[in-house]
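Step one of this worksheet: look at the structure below.
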Amino acid sequence: MREIKATEITKTVSTLCQEANFRLGEDVLSALKKALKTEKSPLGKEVLTQLIENAKVAKDERVALCQDCGTAVVFLEIGQEVHISGGDLNSAIEEGVRQGYDQGCLRKAMVKQPFSERINTRDNTPAVIHAEIVPGDKLKITVMPKGGGAENMSQLAMLLPNHGSQGIIEMAVKTVDEAGGNACPPLIIGVGVGGTADKAMLLAKKALLRTVGKPNADPEVAQLEKDILARVNELGIGPMGFGGSTTALAVHAEVMAAHIVSLPVAVNLQCHSARHKEAVL
Amino acid sequence: MNIISPIEEEIIEKLTVGTRVTISGVIYTARDAAHHRLIQALDKGEEPPFDLKGQTLYYMGPSPAPPGQVIGSAGPTTSQRMDKYTPQLLAAGVKAMIGKGNRSTEVREAIRKYKAVYLVTTGGAGALLARTIKRVEVIAYEELDTEAIRRLTVEDFPAIVANDIYGEDLFEQGKAEYKKA
């Protein structure tokens, strides 16, 4: 049994919230730079240039990449040999979000009673926490500040088995087309296939954590990703919806088994400000 | 094209879809909650907290200002959520809006009718856009925090005309040009 202090978790989450909001991942930056070379629209090129410059300003001045500093989505991989001491895990994470959003001058976006009063909780809590138990004695924490614009345009479809890969492609293309400029393209498209309604969306969200453009290890899934990307980039939506050849930077799909009557497909859209940072304790 | 906000009507006539502008002068921030309150005030026949006539609204709620800065990250939010309020605000005198994403048919019609303009700027470029904001004053609804109405003084704020008084639309045009059959 290995002991990890709750205070250490709090400190780590606080740092991750800030770093994720200040520093765009190198993989995202490379994808934007690559897109700048291939984008056909002059206006699209201007947008991509601004985004690359924005990432530099945010990093140098330690100011948020985007004023929407997101819902704090926290993924945990908890080694089964780990014992957390000095407090409970969820409270330690919430406190980390609280401290990170305060210290980093990050925007607090969470409102309680979202169907009526919509009162800001003023510290960006609660976080959305996804925890899984894994072998080992480590704790891996990933913080993904998820912007509301792209999240709002995400969709779930409970397809039927005979819809097959074509059904998945059409569903993903439709989602991106309906999102248009609202989801802040160029996008990273997370696709979750299989499981149940809830599991499919979680797979789609987790797919967004993969290094941008790295294909799925399964060649059949990698082909599906490629097919969706090609179709999406034919839509003409382009950077910020101003028209262009770069509507998405990448498609990441994750697949698991499904019930004999089901083919759940979730599409979780990620704007170009694709922020996540991780640490292993 | 360099333009001054509030934007004169003869300038609005020149702002056709796709025109790149840099805006200097005064603009007001207002998002969902502030729009809701502005409309409530207008419906009750009350004076809005600032004179809407001729003004420019920016759909933006900033992140808090880091020490030594006037504002934090300050990019646009999705304009569609403001669509249901917009025709009434244009009728009350608002002349320009800055946001991201396309607008409803009703808003586009109101833009033509009231001779207004809808401008877009790059979402997710809030750190960069913040550099063009020189002065910030909260003028109403302070309790709404990031959603309060702020009077911003801007210099060379970059934007593109997305809907003009002639009924054109940047998003439709752009997509049509680059869509593959």
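The chains referred to below are lettered A, B, ... by the order of the sequence lines, with proteins before strands, and numbering in each begins at 1.
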Pair count under 4.5 Å, heavy atoms only, with chain B: among A/A64, A/G104, A/G238, highest is A/A64
So, the part of B/A65 with a heavy atom under 4.5 Å from chain A: the answer is backbone
Does B/R31 pair with B/E147 as a salt bridge, N-O distance under 4.0 Å?
yes
The interface call for B/N102 against chain A, heavy-atom contacts under 4.5 Å, is both
Under a 4.0 Å N-O cut-off, is there an ion pair linking A/E53 with B/R131?
no
If one checks every heavy atom of A/L43 against chain B at 4.5 Å, the contacting part turns out to be both
Cut-off 4.5 Å, heavy atoms of chain A, and the answer for B/I160 is side chain
Per-residue tally against chain A (heavy atom, under 4.5 Å) across B/M60, B/K100, B/Q69 peaks at B/K100
- Would you call B/K14 and B/E8 a salt bridge, taking side-chain N to carboxylate O under 4.0 Å as the test? no
One option among B/T78, B/T122, B/V120 has the most heavy-atom pairs under 4.5 Å with chain A, and it is B/T122
Bottom line for B/E177: the part with an atom under 4.5 Å from chain A's heavy atoms is neither
Comparing A/K56, A/R118, A/E46 against chain B, the one with the most heavy-atom pairs below 4.5 Å turns out to be A/E46
| query | Is it true that B/R108 and B/E172 have a side-chain N and a carboxylate O under 4.0 angstrom from each other? | reply | yes
| field | Ionic contact status for B/K84 with B/E106, cut-off 4.0 Å | value | no
Cut-off 4.5 Å, heavy atoms of chain B, and the answer for A/N182 is both
For the residue pair B/F171 and A/F242, does the interplanar ring angle fall in the parallel (under 30°), tilted (30 to 60°) or perpendicular (over 60°) class?
tilted
Charged N to carboxylate O under 4.0 angstrom, A/K108 versus B/D145? no
Rounding to 0.5 Å, atoms CD1 (A/I188) and CG (A/L229) come to a distance of 11.0 Å
From the list A/H272, A/K45, A/E39, A/K40, side-chain hydrogen bond (donor to acceptor under 3.5 Å, both in side chains) with A/T246 holds only for A/E39
Counting heavy-atom pairs under 4.5 Å with chain B, the top scorer among A/V47, A/L235, A/V63 is A/L235
Applying a strict 4.5 Å limit to non-hydrogen atoms, the region of A/P42 in contact with chain B is both
Per-residue tally against chain A (heavy atom, under 4.5 Å) across B/P158, B/P66, B/G124 peaks at B/G124
Among A/L106, A/N21, A/I237, the residue with the most heavy-atom pairs under 4.5 Å to chain B is A/L106
Max heavy-atom pairs within cutoff under 4.5 Å with chain A, candidates B/G126, B/G18, B/G101, B/G123, goes to B/G123
_Between B/D32 and B/R81, does any NZ, NE, NH1 or NH2 come within less than 4.0 Å of an OD or OE carboxylate oxygen?_
yes
Assert top hit (heavy-atom pairs under 4.5 Å, partner chain B, pool A/G181, A/C66, A/C105, A/G241) equals A/C105
When the 4.5 angstrom heavy-atom criterion is applied to A/R122 and chain B, the contacting part is side chain
(message) Taking the basic N atoms (NZ, or NE/NH1/NH2) and the acidic carboxylate oxygens, is any pair closer than 4.0 Å for A/E225 and A/R210?
(response) yes
Among B/A125, B/P62, B/A74, the residue with the most heavy-atom pairs under 4.5 Å to chain A is B/A125
